[in-house]
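Reviewing the structure listed below.
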Amino acid sequence: MNTVITGLQWGDEGKGKIVDYLTESADVVIRGQGGNNAGHTVIAKGVKYVLHLLPSGILWDDKVNVIGNGVVVDPIGLCIEIERIEGQGIAIGPEKLLISDRAHVVLPFHKELDAAREISLGDQKIGTTKRGIGPAYADKVNRCGLRMADLLDRPFAEAQISRRVTEVNEILAKYDLATFTAKSVIEETYTAFERLRPHVTNTIPVLHKAWKAKKNLLFEGAQGTLLDIDFGTYPFVTSSNTTAGGSTTGTGLPPTAIEAVIGVCKAYTTRVGSGPFPTGDESLSEYLHNLGREFGATTGRPRGCGWLDTVLLRFACMVNGVTGLAVTNVDGLDEYDELKICVAYDIDGTRHELPPPTGLSGIAPSPSMKPFPAGNRTPPPASATPTSRKTRKLTSPASPNSATHPSPSWVLAPTGSRRWRCSENQGAFAGMMGLSQPARSEGFTFFTCPPIEKRLGW
Ligand code: IMP
């Protein structure tokens, strides 16, 4: 089954865990947007791997991994990442990692332009990851970017880089930031590109061939819906379409290739960087940070934390067309006797069940919140004990109910070691959302429910 994994909040929903879970049954794992602003940690056989640009299937011997045309690739950053992962004993040959020749290149000056833009915004800054993502996408849209294929034509690439360096230096000088010489940019970029050259190819026919051969395609979304350039909390967003649609424009596979969209959200909400956060809650942030949770994988920044926001979740489910929901970090709220969920916004006396395009900054600190009792503290049934994850099936165990409830299914995915406590809160969470009797399998608890439209009310 060709499945998109998409974040339903501001990124960091634990998509990596779900991708990891589904990768075993996938043949090809594909990134279609974003760049090395993304970061997720996978722990396999006790070893910790941090991935930024490399798709998760890279940790497996038998998966093909594709960095699609919609991704912006920092060749220097990617080489460092490949070296690090290879240093951990994972081979990354050209048959295992394919990079689209249409993918745009993040050049060294894009990072400085990112910094310059942040300085110019002052207290309105976006809080970017400073990986040069916005400026690289801006050059793409402004039709002055450089693609991987362009690097294959060195005279063309050198002329293009030289032209941009002249323009960029003028901007950087204004902010007293380091300027560049075309020579150094060309040399650094080509040193990295030579390492990547065997991986660069036209990935579109490769993906179509895999699709026609009925291979399982897994689209690994980066960031989350509220960071989407069109649907997010603009301008406090990233520069790509992080929603399910980005999986098609960013890979060359058509919408008809997609069979399932799994939306991932936490049982609460987090965000890094600036921008509105209606359900943000300082004491919840402090509680989770004290547990050592909620620090960014890419920048190490502490994430702001808040209660679950179903106004945003409802919208995210709509625009992604989710067919299944994975709720992660349910155990993070173990110590709370009462959990809060935001069910609507009250803006100037008007109730909003969908987020308006502006004005979210004004909603603070407590939109319409409903308190829900958490699970009681009795030990879990024996069936809640996690079992090893030997077999991972894309459609199991939600599929037995698919005849009565064709879509979508809900999946609650616990994390952490104190799993029996999670199962209590899973029960509470299921109660809140009106979900059906859970089915347990492989340490995960799956819920099916009537169509999500009814559950989330639109
Ligand atoms: P940029 O993508 O570096 O331009 O950053 C724009 C916004 O997206 C900032 O608020 C970042 O914190 C946020 N962002 C980018 N990538 C991620 C991610 O992988 N997880 C969470 N937030 C992200």
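In each ligand, atom 1 is the first atom listed, and ligand 1 is the first ligand listed.
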Would you say the ring centers of W10 and F277 fall short of 6.0 Å from each other?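 Yes.
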
Judged by atom type as modelled, is there a donor-acceptor pair below 3.5 Å linking the side chain of R117 to the main-chain atoms of E112? no

Is E294 salt-bridged to R303, cutoff N-O under 4.0 Å? yes

Salt-bridge test for K111 and D74: reply yes if a basic N is under 4.0 Å from a carboxylate O, no otherwise. yes

What residue and atom, counting heavy atoms only, is the protein's closest point to [atom], and at what distance?
| atom | value |
| --- | --- |
| atom 5 (O) of ligand 1 | T128 CA, 3.4 Å |
| atom 3 (O) of ligand 1 | T129 OG1, 2.5 Å |
| atom 20 (N) of ligand 1 | D12 OD1, 3.1 Å |
| atom 10 (O) of ligand 1 | V272 O, 3.4 Å |
| atom 13 (C) of ligand 1 | L227 CD1, 3.8 Å |
| atom 9 (C) of ligand 1 | G127 O, 3.3 Å |

Heavy atom under 4.0 Å from ligand 1: found in [X]'s side chain, backbone, both, or neither?
| X | result |
| --- | --- |
| F236 | neither |
| R301 | side chain |
| D114 | neither |

Considering L226, N36, V237 one by one, which has a heavy atom nearer to atom 7 (C) of ligand 1 than any of the others?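 Among L226, N36, V237, the closest heavy atom to atom 7 (C) of ligand 1 comes from V237.
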
Just going by heavy-atom distances, which of P235, A222, G134, A38 is nearest to atom 19 (O) of ligand 1?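 Selected option, by shortest heavy-atom distance: A38.
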
Taking N or O atoms only and a 3.5 Å limit, does [X] qualify as a polar contact for ligand 1?
| X | answer |
| --- | --- |
| T238 | yes |
| Q223 | yes |
| S274 | no |
| S239 | no |

